[in-house]
Each structure stands twice: as structure tokens, then as C-alpha cells.
**Q** 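Quick one: the structure is below, and I'll ask about it shortly.
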Amino acid sequence: MFGKTVRIFHVYGCARCRAAGEYFSLRGYEIEWLDVGVSMTAKREMLNLVPGNREVPVVQWGEMVKVGWDHDFWKELLEGS
């Protein structure tokens with residue numbers, strides 16, 4: 001569908017962000033971490049994807065962007081169950 005790289009906009013210490021990264025890592029996806037707490041470039045990029053959003057993680061896989069961590073959503077999409 002979109003390839004094997006997932007971008008995760010996060011802040012340091014975020015447990016949901018870490019859970020998202022672990023989920024994709026365990027399934028062989030390469031993770032590009034973008035820390036919106038320290039990088040204004042990453043923050044601007046996240047806000048361009050989801051204007052007005054202040055929640056992390058924001059997961060981008062290809063053209064798909066999902067705010068927040070929703071294990072069941074990704075499991076259904078990627079694994080079909």
C-alpha cells in the first residue's frame with residue numbers, strides 16, 4: 001500500500017508515542033521519529049498535516065495521517081483483524 005516507513009510526530013517521554021513506535025517496529029516498519037517538543041520544523045510539519053492539533057502521537061504512513069494512538073485501527077488496517 002504505502003511502503004515500510006512510518007513517521008511518528010511525538011514528544012519525549014510520551015508512552016502512547018512509544019507504543020506506536022513499538023507496534024510498527026515489531027512489524028518490520030522503519031520509524032522516522034519527529035520530536036515536536038524540540039524541533040520547530042517538526043512541529044510546523046505536523047501542524048500542516050493536522051491544523052490546530054496539539055495531541056501526539058500523530059502517525060503518518062504514506063498519505064494516511066492518524067492523530068492519537070489507536071492500536072485496533074492500525075491492526076485492522078495492516079493485518080486485517
Side-chain angles (χ1 to χ4, degrees):
M1 189 173 184
F2 289 128
K4 293 296 269 187
T5 300
V6 174
R7 303 174 84 218
I8 300 177
F9 295 86
H10 73 102
V11 293
Y12 178 79
C14 169
R16 292 174 297 141
C17 301
R18 190 172 48 252
E22 288 174 6
Y23 177 87
F24 288 104
S25 254
L26 288 171
R27 285 153 183 81
Y29 286 80
E30 180 180 327
I31 309 298
E32 180 183 349
W33 292 99
L34 299 118
D35 190 336
V36 299
V38 297
S39 170
M40 284 305 296
T41 301
K43 188 173 191 173
R44 277 193 294 271
E45 191 172 346
M46 181 184 81
L47 291 173
N48 282 334
L49 292 171
V50 284
N53 178 62
R54 298 202 181 273
E55 182 181 345
V56 290
V58 172
V59 179
Q60 180 182 21
W61 181 48
E63 295 177 16
M64 179 173 293
V65 177
K66 180 89 168 130
V67 176
W69 175 236
D70 184 344
H71 176 271
D72 294 336
F73 170 84
W74 290 104
K75 181 173 179 157
E76 185 175 327
L77 181 68
L78 300 176
E79 301 172 20
S81 60

**Q** Heavy-atom distance under 4.5 Å between the side chains of Glu76 and Asp72, does that happen here?
**A**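 They are not in contact (no side-chain heavy atoms under 4.5 Å apart), so the answer is no.
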
**Q** Might you point out which heavy atoms bring Val56 and Cys14 nearest each other, and give the distance in Å?
**A** CG2-SG, 4.1 Å

**Q** Go through it in stages, so that I can follow the logic: the residues are Leu34 and Gln60, the test is side-chain contact (heavy atoms from CB on, under 4.5 Å), and I'd like the CA-CA distance, side-chain angles, deciding distance and then a yes or no.
**A** CA-CA 11 Å; Leu34 299 118; Gln60 180 182 21; over 6 Å; no

**Q** Say whether Phe73 and Val50 are linked into one hydrophobic cluster, either directly or through other cluster members, by side-chain heavy-atom distances under 4.5 angstrom.
**A**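 Looking at the clustering, Val50 is in a separate group from Phe73.
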
**Q** At their closest point, which heavy atom of Phe9 faces which heavy atom of Cys17, and how far apart are they?
**A** O-SG, 4.5 Å

**Q** Begin from the C-alpha positions of Trp74 and Val59 and carry the test side-chain contact (heavy atoms from CB on, under 4.5 Å) through to its verdict.
**A** CA-CA 10 Å; Trp74 290 104; Val59 179; 3.6 Å; yes

**Q** Please give me the minimum heavy-atom distance between Ile8 and Pro57, naming the atom from each residue.
**A** CG2-CB, 3.9 Å

**Q** CG/Leu77 to NZ/Lys66 distance, rounded to the nearest 0.5 angstrom?
**A** 10.5 Å

**Q** Check this for me, if you would: do Glu30 and Lys4 make a salt bridge, where the nitrogen-to-carboxylate-oxygen distance has to be below 4.0 angstrom?
**A**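 Salt bridge between Glu30 and Lys4, a charged N being under 4.0 Å from a carboxylate O: no.
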
**Q** Between Tyr29 and Gly3, what is the shortest heavy-atom contact and its length?
**A**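 Where Tyr29 meets Gly3 most closely, the heavy atoms are CE2-O, 3.5 Å.
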
**Q** Find out whether Tyr12 and Asp35 are in side-chain contact, i.e. whether some heavy atom of one side chain is under 4.5 Å from a heavy atom of the other.
**A** yes

**Q** Of all the heavy-atom pairs spanning Tyr23 and Lys75, show the shortest one and how long it is.
**A** OH-CA, 3.1 Å

**Q** Following the transitive rule for hydrophobic clusters with a side-chain heavy-atom cut-off under 4.5 Å over Ile, Leu, Val, Met, Phe, Trp and Tyr, establish whether Val67 and Val11 coincide in one cluster.
**A** yes

**Q** Between Arg18 and Trp33, which heavy-atom pair has the shortest distance, and what is it?
**A**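 Smallest interatomic distance, heavy atoms only, reads CA-CH2, 4.4 Å.
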
**Q** Centres of the Phe24 and Trp61 rings: under 6.0 Å?
**A**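 Here the rings of Trp61 and Phe24 have centres that are no less than 6.0 Å from each other.
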
**Q** Measure from the side-chain N and O atoms of Arg16 to the backbone N and O of Gly68, and report whether any donor-acceptor pair falls under 3.5 Å.
**A**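 Side chain of Arg16 to backbone of Gly68: no pair is present.
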
**Q** Should Val6 and Leu78 be regarded as members of a common hydrophobic cluster, given that ILVMFWY residues are connected when their side-chain heavy atoms come within less than 4.5 Å of each other, either directly or indirectly?
**A** yes

